Amino acid sequence: MSLETKIYELRQEKLKQIQALGLQAYPHRFDFTHTIPQILAEYTAKTTEELEANKVNVRVAGRLMSIRGQGKAGFAHLQQEGGRLQIYVKLDFVGEKGFALYKLLDLGDIIGVKGYLFRTRTNELSIHVEEIHFLAKDLLPLPEKWHGLQDVELRYRQRYVDLVMNEDVRKVFVARSKVVSAIRRFLDSRGFIEVETPMMQPLAGGAAARPFTTHHNTLDIDLYLRIAPELYLKRLTVGGLDRVYEINRNFRNEGISTQHNPEFTMLEFYQAYADYRVLMDLTEELLAQVARDVNGTTKTTFNGHEIDFGDWQRLSMREAIIKYWPEAAGGKPQMSDFAGAKAVGALVKRLHDAKIHNMPYDPDEPAGKTIAAMFEAVAEEHLIQPTILYDFPVAISPLSKNKPDEPDWVERFELFVGGLEIGNAFSELNDPEEQRRRFEQQLSEKERGDEEAHAMDEDYIRALSYGMPPAGGEGVGIDRLTMLLTGSRSIRDVILFPLLRPLQPGETQATEPEEATADPQNNK
RNA sequence: GAGCGCGUAGCUCAGUCGGUAGAGCAACGCACUUUUAAUGCGUGGGUCGCAGGUUCGAUUCCUGCCGCGCUCACCA
């Protein structure tokens, strides 16, 4: 019998003894007067004398995180909502039955207490307990109290234990919630409405990525989990919803890394009658405000860098390549060096001759693709401070509007912060004829073997044919933004249940007897 | 998908240049009515990730597999 099983059975036995005291094993309710954080906030500053002068009666619930027995008395710490408060349980005050219950409690049990606040000899704010209410038993042992749960795999697989043991983890997810609510507040106040568009789509459009496939039985059709909500949100601007946003999951059937989870959360928003310049201003305001709402400051530390969301630089893609052009590759390029496949090929050759960068090159690909790859090879890693990188090649931007004076370039920008790409925005292409040509271009890319090239979406072109107002649209990766604002180096640290390979049967830590398998059809 | 690393008690970690393993916390028992990583005395707990190979003998060496992490590739 494993230790874990032994403890499980011992504690079940204690649960029976608790019932023998006439108490419910799993009571339904406990009414409290304060949360523990409320008590800490309100009474931490109060002195012993103040607490004695005005007796503060409280009812508090929480999980037992430490127990120190003293024979006929004892101290313990209750944890709730990220706060810890000491309780003092004395036989004289809680009575024989109450103390018998106290002795049957284990680390991890959930209890409620009634009592009054006081300060101990060592001046720790505590509850002098008059009643103990048993609320739920922890049948499995918690991790060690001093080091907590360190094992990364266990932390992700059993996030519930991680959250109990590691206060910082709790803080990250509270911050994540604030990120989302701050975004909603900001956009709502500017007249945006939140909408929900299909997660299951007959065509997976709006981004370049491989989708997950699923099947609807009644209609007998294959569907794709969306890789982006983009094309649906833009249909809404055709319909006259001028300012819309959606915060929800996208699914991409691609690799897992510290920056990628197959399902991730994206804010996408569209503003009619605006172009990408308007969105640049809006983005700077939005992200500075979100940072303030989450952390109280626009500054954050990520990967050893101090980053200020209140201080943005704007660089065009070509400017960025020029700015960060490596010395080993000779003198900096001129703007004219990006015009045409021949000139771009010459730049690539200079990089290759310098042997310092991983710069993929296929002369058959459009020059725009090569320039984008050059940006990634030369400049991207340097974009630590918040940067709006603007003006992208049309070849990699099938949904963006051309620059009026440079048809090979589009009005598009991406957001780079801390070396992460956290957003993508553009003046939306709303010319259905041009959109059709772009899709056709994508189709030929697909035929050349690009699995992630866009599919033709006839209904989307039909929607544009009814007239879509000029609009700017943007996507912001919520997970990565949260990483930056919480200093988390892995995306798994900002996703409560990141995708992991499931354990094989028998590898689980479960010690309970097998439960009868419920009929899945009758299981809500 | 590739390279590198890790997997020892419930948890955090030692260790074995090949002779089947230890500590702290947790657990169990006793004592203790202001402790706080409570304390004191005592007790129990491990197929050393899985499967093969080499060997008289493998947790240790080798191979394969599984899981996780990091880096790279793809991407947001």
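Order of the sequence lines sets the chain letters (A, B, ...), proteins ahead of strands, with each chain counted from 1. Please read these numbers as outputs of a predicted model, since none were measured by experiment.
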Both distances below 3.5 Å, Watson-Crick or wobble geometry, any strand: find the nucleotide opposite B:C30.
B:G40

Find the distance A:Y116:OH to B:U34:C1' and express it as a whole number of Å.
12 Å

So what does A:F118 touch, heavy atoms closer than 4.0 Å: a base, only the sugar-phosphate, or nothing?
base

Nucleotide B:C13, atom P - distance to CG of A:L149 in whole Å
10 Å

Using a strict cut-off of less than 4.0 Å between a Lys/Arg side-chain nitrogen and an Asp/Glu carboxylate oxygen, indicate whether A:E411 and A:K401 qualify as a salt bridge.
no

Out of B:G44, B:A37, B:G10, which nucleotide sits closest to the side chain of A:K6?
B:G44

Ring centroid separation for A:F375 and A:F416, is it under 6.0 angstrom?
yes

With both distances under 3.5 angstrom, what nucleotide forms a Watson-Crick or G-U wobble pair with B:G3?
B:C70

Give the rounded distance in Å between these two atoms: NZ of A:K90 and C1' of B:C32.
15 Å

A:Q150 near the nucleic acid: base, sugar-phosphate alone, or nothing, with a heavy-atom cut-off under 4.0 Å?
sugar-phosphate

Base, sugar-phosphate, or nothing for A:S126, non-hydrogen atoms under 4.0 angstrom?
nothing

Closest approach to the side chain of A:K145, judged atom by atom: which nucleotide of B:C28, B:A26, B:C70 is it?
B:A26

Mind checking if A:Q86 touches a base, just sugar-phosphate, or nothing, with heavy atoms under 4.0 Å?
base

For a quick check of understanding: with a heavy-atom distance under 4.0 Å over all strands, which category does A:R119 fall into, base, sugar-phosphate or nothing?
nothing

